[in-house]
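All ligand and atom numbering here is 1-based and tracks the order in the structure.
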Amino acid sequence: MQWDMNIDICALILLLVVLLIHVSKQFVSIRRSRVFLAMVLLETAAVVCSTTIKYLLLYAGYEAGLWSAVLVNVFYVVQYLVPILYMDYMVVWSGHSLKASRLSSCLFALPIVFYLAIMIWNIVTQRLYIWDSQFGYKHAAPAGSLLVITLYCIMYGVIYAVLNVRKLAFGKLSTICLSAAGVIIVMLVQHYCPGVTHINFIVSAGMLVLYLVAQNQSEMIDNNTQVLNRNMLDELLRDNISNRKRFDLIVLALDDFKFVNKTFGVTSGDMMLMQVAHFLTTITKKAKVYRYGADQFALEILHGDMNLDQIIALIQERFRHPWITEDVSVMLSTTISCVSYPDDGANMANIIDVIDYSVLSAKTSGKGAVVYARDLDLHALRKEKAIEKAVEDAILRDTIEVYYQPIYNTKKQCYTSAEALVRLRDDMLGNIPPDVFIPIAERNGTIVKLGALIFEKVCQFIQKVNLRETSIEYIEVNVSVVQCMQQDFVEKLIGIMERYDVAPDQINLEVTETAASNSLAILQENIERLHAKGISFSLDDYGSGYSTLGYIHQLPFKIIKLDRLMVWDAFANERAGITLKFTVGMLKELKVHIVAEGVETQEQQTHLADIGCDYLQGWYYAKAMPANEFEALIKEAS
Ligand code: C2E
Ligand code: CA
Ligand code: CA
C-alpha cells in the first residue's frame with residue numbers, strides 16, 4: 001500500500017471550507033473563537049507540511065535532506081498542538097473555569113509539559129520519525145508517546161465538558177463525544193496499521209462537526225438585530241472576568257416599547273429595534289453591542305477605551321430625534337444604566353445581578369433616567385442575594401422549620417387553633433426574620449417551593465400529633481399571593497393534604513390584604529375552589545393600610561385577623577380605640593370570626609375579649625414555639 005494524496009487533499013479542502021465560514025461570518029472575537037481559529041489553522045499547516053513532504057519525496061523525486069527534516073519537525077510541532085488546543089477549547093466551551101480546581105489545572109498542564117519535552121528532545125535527536133519509501137516518512141517507535149498525549153487531551157476535553165456541562169444540550173454533547181470517539185478509533189487504527197492514512201481527513205471532518213455543533217456563529221448573533229445575543233454577553237463577560245479585564249457596560253432599556261409594538265405592529269417594532277442596534281454599532285468601533293433583553297441593548301467597552309459620559313451624551317442626543325421606518329416615525333426614549341467591573345461586582349453572578357438591579361432602578365426613576373451602579377445602594381442588593389441563597393440552601397438541606405403560636409378562644413377559654421410561622425436560621429446570617437426573607441422569596445419565585453414545603457410540614461405535624469385528639473381544631477397557614485397565582489395551587493395543596501390524611505377543616509389559609517388587593521380574579525377563583533372543598537380562609541393583617549371591605553364582601557373569609565398595630569393603637573389612642581370597637585362590631589354583623597393579633601398584656605386581653613374578639617393571639621399567651629414544644633403544650637392541655 002502507498003500514500004494516497006487524494007485523501008489529504010480532501011482533508012485540506014474541508015479545512016479551508018471550515019476556515020472560510022468561520023472567518024467570513026461576523027467573527028466574534030472571544031477566546032473560544034480564537035482557539036478554534038488557531039486549531040483549524042494549525043491543522044491546516046500540519047496537513048500542508050506533511051502533504052508537501054510526501055509529495056516532494058514520493059512524486060517529485062526530491063531526496064530527503066535538511067529541508068524535509070525541517071518540514072517534518074514543523075509538522076510534529078503544529079500537529080500535536082492541535083489536541084492541546086482541543087482540550088483548551090472544550091474547557092472554555094463548557095463555561096467552567098479551570099481555576100476553580102487545582103486538580104483540573106494540574107491534569108491540564110500535564111500533556112503540555114510532556115509535549116514540550118518530546119518536541120525539544122526530537123529537535124535534538126530527530127528520533128520521532130524515519131524516512132520511508134512508501135509514505136515519505138513514518139512515525140518511529142517513540143512517536144507512540146504523542147499518540148498517548150493526543151488520546152489524553154481528547155479524553156480530558158470531552159470528560160471536562162461532560163462534567164461541567166452548563167449550557168451544553170445533550171444532543172450537542174453526544175455529537176461531540178461521537179466525533180471524538182471517531183478520531184480516537186482512526187488514530188489507533190492508523191498507528192497500528194500504517195497503511196491506513198485517513199487520519200487527516202477524519203480530523204478535518206471532526207473540526208467541521210465541532211464548528212457546526214459548538215462554534216456556529218449564527219448561534220452567537222441575534223437574528224432580528226444582527227448584534228451579539230445575550231448568550232454571547234454572558235460568555236464574553238465571563239471571559240473578561242476570568243482574565244481580570246476591567247470593563248464598563250452601558251445598558252439601554254427602551255421605555256414603553258410594548259406601546260410601539262401595540263400601536264404600529266411588531267414588524268415596525270422590529271425595524272425600530274434594528275435601527276437602534278445599528279445606531280449603537282456606529283457609535284464606536286471599540287464597543288461590542290449586544291441584545292440584552294427584548295427591548296434592551298448593552299454596550300461593552302474595555303475600561304479606559306472610551307469615556308462613558310461621552311457615549312451616553314451621544315446616545316441621548318440620538319434619542320432626541322425620531323426613529324423612522326418606511327411608514328412610521330416615532331420618538332423613543334430609553335433609560336441608561338452603567339455598570340463597571342470590578343468596581344460594582346466581583347464575579348459574573350454579582351455583575352449580572354447589579355445590571356438587573358440598575359436597570360430596575362433606572363426604570364423606577366422614570367423615562368430617560370441615567371443610573372450609575374456606583375451610586376446605588378448595592379449593599380442592599382448583596383444582602384438580598386445572600387438571603388436568596390440562604391433560603392435556597394435551607395430548602396435543599398431541609399433546615400426550614402415551622403413554629404406554632406397558639407391562638408386563644410375567648411368563649412371556650414382554651415387554645416383551639418394555632419398559626420404556623422416559618423423560621424430560617426443560616427450559618428452565616430443567623431436568624432433571618434420571615435418578614436425579611438418571605439418578600440425576597442416572593443420576588444424571585446422561591447416562595448412557591450418554600451410555601452409548599454411549609455404546608456407539607458404542617459400537614460405532617462397534624463398527622464403526627466393526631467390533631468383530632470387535642471383541643472386544636474385547625475392550623476392557620478400563611479399563603480403568599482405568588483403561591484395563590486399558581487395554576488396548580490389548589491391541586492398541590494389537596495395532594496399534600498391527602499398524602500398526610502389531613503381533613504379540610506383542619507386547615508385555615510391566611511391571605512394578606514396586600515395579596516388580596518393585587519390579583520383578585522385569580523385569587524378569587526383559587527379561594528373559591530378550595531373553599532368548595534371545605535378549606536376555610538382568614539384575611540390577615542386587617543387594618544394595616546388597605547381598605548378591604550370590598551374583598552370581605554367578595555371573598556368567603558371565615559376569619560378576619562386584626563393587625564397588631566391596629567390593636568396596639570387602640571390602647572395608645574382614644575380615637576383608635578373607638579375605631580377598633582366599631583370595626584369589631586361591624587365585622588361581627590358580617591358574621592365573620594375575629595382574631596386580635598399582638599396581644600401582649602392582661603389589659604389588652606380583657607378589653608379585646610369584652611368588645612367581642614373571638615380569638616386572641618400574642619405573646620401574652622405564648623410566642624411561636626418549635627413543633628415539639630407546641631406538641632407537648634397541647635398534649636398536656638388535653
Ligand atoms: P403575620 O402573619 O402577621 O404573623 C404574625 C407575626 O406577629 C409573627 O411574626 C408573630 O411571631 C408575631 N407576633 C405574634 N404575637 C405577637 C405579639 O404579641 N407581639 C409581637 N410584637 N409580635 C407578635 P413572624 O413569625 O416574625 O412573622 C412575620 C410575618 O412573616 C408574618 O406576619 C407573615 O406575614 C410572614 N410569615 C411568617 N411565616 C410565614 C409562612 O409560613 N408563609 C408566609 N407566606 N409568610 C409567613
Ligand atoms: Ca399570618
Ligand atoms: Ca397578621
Side-chain angles (χ1 to χ4, degrees), residues 387 391 394-395 400-408 415 417-425 430-461 474-486 489 493 496 507-516 518 523 536-546 548 557-572 594-605 608 613 615-627 629-630:
I387 292 173
V391 174
I395 294 176
I400 294 281
E401 269 197 272
V402 177
Y403 275 37
Y404 295 86
Q405 184 177 32
I407 299 175
Y408 186 77
Y415 298 132
S417 57
E419 178 171 2
L421 293 160
V422 64
R423 292 291 176 262
L424 170 62
R425 209 197 131 67
N431 286 326
I432 311 171
D435 35 20
V436 171
F437 71 81
I438 295 281
I440 294 176
E442 285 178 332
R443 279 199 284 279
N444 79 349
T446 322
I447 189 71
V448 176
K449 226 193 262 172
L450 179 64
L453 188 71
I454 295 166
F455 191 73
E456 178 161 2
K457 285 188 188 287
V458 172
C459 290
Q460 220 167 12
F461 176 80
Y474 54 89
I475 305 283
E476 298 183 1
V477 188
N478 293 282
V479 287
S480 134
V481 66
V482 184
Q483 281 175 276
C484 295
M485 301 272 285
Q486 301 299 305
F489 179 61
L493 293 198
I496 296 174
I507 292 289
N508 174 283
L509 298 178
E510 292 191 8
V511 183
T512 63
E513 290 188 62
T514 29
N518 272 335
L523 194 74
S536 64
F537 280 82
S538 295
L539 179 64
D540 202 359
D541 300 341
Y542 182 80
S544 64
Y546 289 74
T548 45
F557 288 115
K558 183 177 163 192
I559 299 172
I560 306 293
K561 299 191 76 170
L562 304 179
D563 186 64
R564 57 179 189 265
L565 290 181
M566 187 187 194
V567 171
W568 294 341
D569 271 359
F571 291 88
I594 300 159
V595 180
E597 291 191 300
V599 183
E600 290 189 344
T601 64
Q602 164 114 46
E603 181 207 356
Q604 290 172 343
Q605 179 236 293
L608 289 163
C613 294
Y615 303 94
L616 305 176
Q617 176 182 358
W619 294 354
Y620 175 72
Y621 297 100
K623 286 193 173 180
M625 59 188 85
E629 274 178 39
F630 180 59

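For K561 and E476, the salt-bridge test passes: some basic side-chain N is under 4.0 Å from an acidic carboxylate O.
For N478, a nitrogen or oxygen atom sits less than 3.5 Å from a nitrogen or oxygen atom of ligand 1, counting backbone and side chain alike. Between Y620 and ligand 1, not a single N/O pair is under 3.5 Å apart. Considering backbone and side-chain atoms alike, D540 places an N or O below 3.5 Å from some N or O of ligand 1.
Residue R423 places a heavy atom under 4.0 Å from ligand 1.
Nearest protein heavy-atom neighbour of atom 12 (C) of ligand 1: R564 NH1, 3.6 Å. Protein heavy atom nearest atom 10 (C) of ligand 1, with residue, atom name and distance: L421 CD1, 3.8 Å.
Note on D540: counted as a metal contact of the Ca ion (ligand 3), an N/O/S atom lying under 3.0 Å. The Ca ion (ligand 2) lies under 3.0 Å from an N, O or S atom belonging to E419. When distances to the Ca ion (ligand 3) are checked against a cut-off of 3.0 Å, D541 contributes an N, O or S atom below that limit.
Within the 4.0 Å heavy-atom criterion, both parts of P434, backbone and side chain, lie near ligand 1.
No donor-acceptor contact under 3.5 angstrom links the side chains of T512 and D540, judged on distance only.
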